[in-house]
Amino acid sequence: MTVVDPADDSAPGARTASGGARSRQPSRLRRLARLLPTPAGTPFTFGYGVILLSTALYTDFGDQTTVDRLLRESSTDAAHLAEQPLFVLVASALWIAGGIYSFYGVAFLLVVTALERRVGGARAAGVFLLGHVLATLATELPVAGAVAMGRLPAASMHRLDYGISFGLMACVGALSGLLRPRWKWPLLGAAGAMCAQDLIELVDPLASWGHPIALLTGLACVPLVRDAAGRKSAGAGQGAGRGAALSADRAVPLPLFPPWLPRQYAPARAPQEGAAGGMAFRGVGEEPFDGGRAEPVGRAPVESEAPRHVTGVDDGLHHAHGGEAGPVGMAPRVPGAVPRPRTPDGAGQQRRRDADALQTG
C-alpha cells in the first residue's frame with residue numbers, strides 16, 4: 001500500500017489541489033482589480049482620482065494658510081456663485097472634505113469606477129457634474145433669497161462650501177439602477193440612512209438637504225444610463241461576434257465567385273451589357289469563354305439555341321451563289337467542297353466533284 005503525504009507537493013493529488021488554488025487566486029485578483037480605476041478601463045475616474053489625491057495631500061501636508069485661502073476662493077457660496085459661478089462650480093469639486101483620510105475618497109473610487117465601467121466615462125462624468133451643480137444651486141440659491149429678504153444675516157452669503165459629496169451621491173443613485181437587487185437595495189439603504197441622519201441632526205443645513213437632492217438626481221438619471229449600459233454591452237457582444245467572423249474568414253477564405261455562377265470571360269475590347277442596360281468594357285488580354293463568344297458581364301452564360309425551322313421560309317430558299325440558306329437565326333452556309341475520302345486518282349476527281357456541285361446549285 002502506498003502512503004501519500006499531504007504535505008508532499010510531488011504527489012499527484014497535491015499538485016492538482018495546488019494548481020486549482022493557484023488558478024483561483026489570479027481570478028480573485030482580477031475581480032479585485034476591476035473595483036479600482038485604471039487609465040485604460042476608466043480614464044475619467046483614474047484622472048479625476050489623481051487630481052483629488054493631489055489636492056487631499058496638499059490639504060493635509062501643505063501650508064495651512066494657503067490651503068484656507070484656496071478653499072475659500074473655491075467655495076460655492078452664494079456670493080461667489082453671483083460673481084463667478086462657472087469657476088467656483090468646477091474648483092469646488094477639486095477638493096475632498098476631510099482630506100486624504102476622508103470616507104468620500106474611498107467611496108468615490110469604488111462607486112464612480114463601477115459606474116464608468118457600465119456606462120462609459122462621458123456619462124459617468126455627466127451624472128457626477130449634474131448632481132454636483134443641481135444640489136449646489138438648490139441649496140445656495142434659497143440662502144441668497146433669504147438674505148435678500150432679510151431672514152438671514154449677510155454673513156450667510158460667505159459660508160464655506162466645497163467637496164465632491166453631491167456628485168458622489170448622484171453617482172450612487174445612478175449606479176443603484178444598474179445593479180442586481182442583492183446589491184442595489186443595500187447600496188440605496190446605506191445612502192438613504194446617511195441622508196436621513198443628516199436631516200435629523202441638521203448640523204449643516206446646506207449639506208444636509210443637498211445630499212438627498214443629489215441622490216434623487218442620480219435616480220432620475222437611471223433610465224438614461226440604463227440605455228447606455230445596454231448599448232455598451234450589446235456593442236461588446238457584437239464586437240466579439242465580428243471578431244469571430246473575421247477570424248473564420250481568415251481561416252477559410254470565401255471563393256471569389258459564388259458556386260452557382262461560373263466564372264465568365266470576355267474577349268479583349270469587347271463591349272458588354274451592364275447591370276442597368278449600359279455598356280461595360282473588359283480589359284485587354286482576357287481569354288474568351290468558349291469558342292470566342294462574349295458573354296454579358298455579371299450574368300450566367302447563355303446556352304446556344306437550337307436551330308429554329310420556320311415553315312415556308314427556308315423551304316426552297318437558296319443562296320445567290322448556289323449555297324443553301326440556313327434556318328432562321330443561323331448564318332448561311334457557304335458552298336464548298338463536301339468532305340469525302342480522297343480517291344486514288346488524286347486531286348483531279350475531287351475538283352470535278354466540286355465543279356459538279358457548283359453547277360447543280
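Minimum interatomic distance between L219 and S176 (heavy atoms only, all atoms of both residues): CD2-OG, 3.5 Å. Here the closest non-hydrogen pair linking E140 and A78 is OE1-N, 3.3 Å. Listed here is the closest heavy atom pair of P212 and W209: CD-O, 3.3 Å. Contact between G210 and A135 at its shortest, heavy atoms only, is O-CB, 3.6 Å. Counting all heavy atoms, side chain and backbone alike, V127 lies closest to C221 at CG2-CB, 4.3 Å.
L179 and F108 fall within a single hydrophobic cluster, where Ile, Leu, Val, Met, Phe, Trp and Tyr are joined by side-chain heavy atoms under 4.5 Å apart, directly or via other members. Cluster annotation: L134 is not connected to M169 through the hydrophobic network of ILVMFWY side chains, with a link wherever side-chain heavy atoms come within less than 4.5 Å. Note on L129 and I213: separate hydrophobic clusters, where clusters join Ile, Leu, Val, Met, Phe, Trp and Tyr whose side-chain heavy atoms are under 4.5 Å apart, directly or indirectly.
Going from atom CG of L175 over to atom CG of L115 covers 5.5 Å, rounded to the nearest 0.5 Å. Here the CG atom belonging to L109 is positioned 12.0 Å from the OH atom belonging to Y48, to the nearest 0.5 angstrom. Between atom CZ of residue R72 and atom CZ of residue R69 there is a gap of 12.5 Å, rounded to the nearest 0.5 Å. Note that OG1 of T45 is 3.5 Å distant from CD of E116, once rounded to the nearest 0.5 Å. Atom OG1 of T113 and atom CZ of F44 lie 10.0 Å apart (nearest 0.5 Å).
At distances below 3.5 Å, at least one donor-acceptor pair connects side-chain atoms of R118 with backbone N or O atoms of A114. Between the side chain of R117 and the backbone N or O of T42, no donor-acceptor pair lies under 3.5 Å.
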Can you give me every donor-acceptor pair (side chain of residues 85-103, partner residue at least two apart or in another chain, under 3.5 Å) with its distance?
unit_1	atom_1	unit_2	atom_2	d
S92	OG	V88	O	2.8
S92	OG	L89	O	3.4
S92	OG	H132	NE2	3.2
W95	NE1	S74	OG	3.4
W95	NE1	A91	O	3.4
S102	OG	A97	O	2.9
S102	OG	Y104	N	3.2

List the steps, then state whether side-chain hydrogen bond (donor to acceptor under 3.5 Å, both in side chains) holds for S75 with D161. CA-CA 5 Å; S75 175; D161 185 18; over 6 Å; no

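The shortest distance between side-chain heavy atoms of S165 and H211 falls below 4.5 Å.
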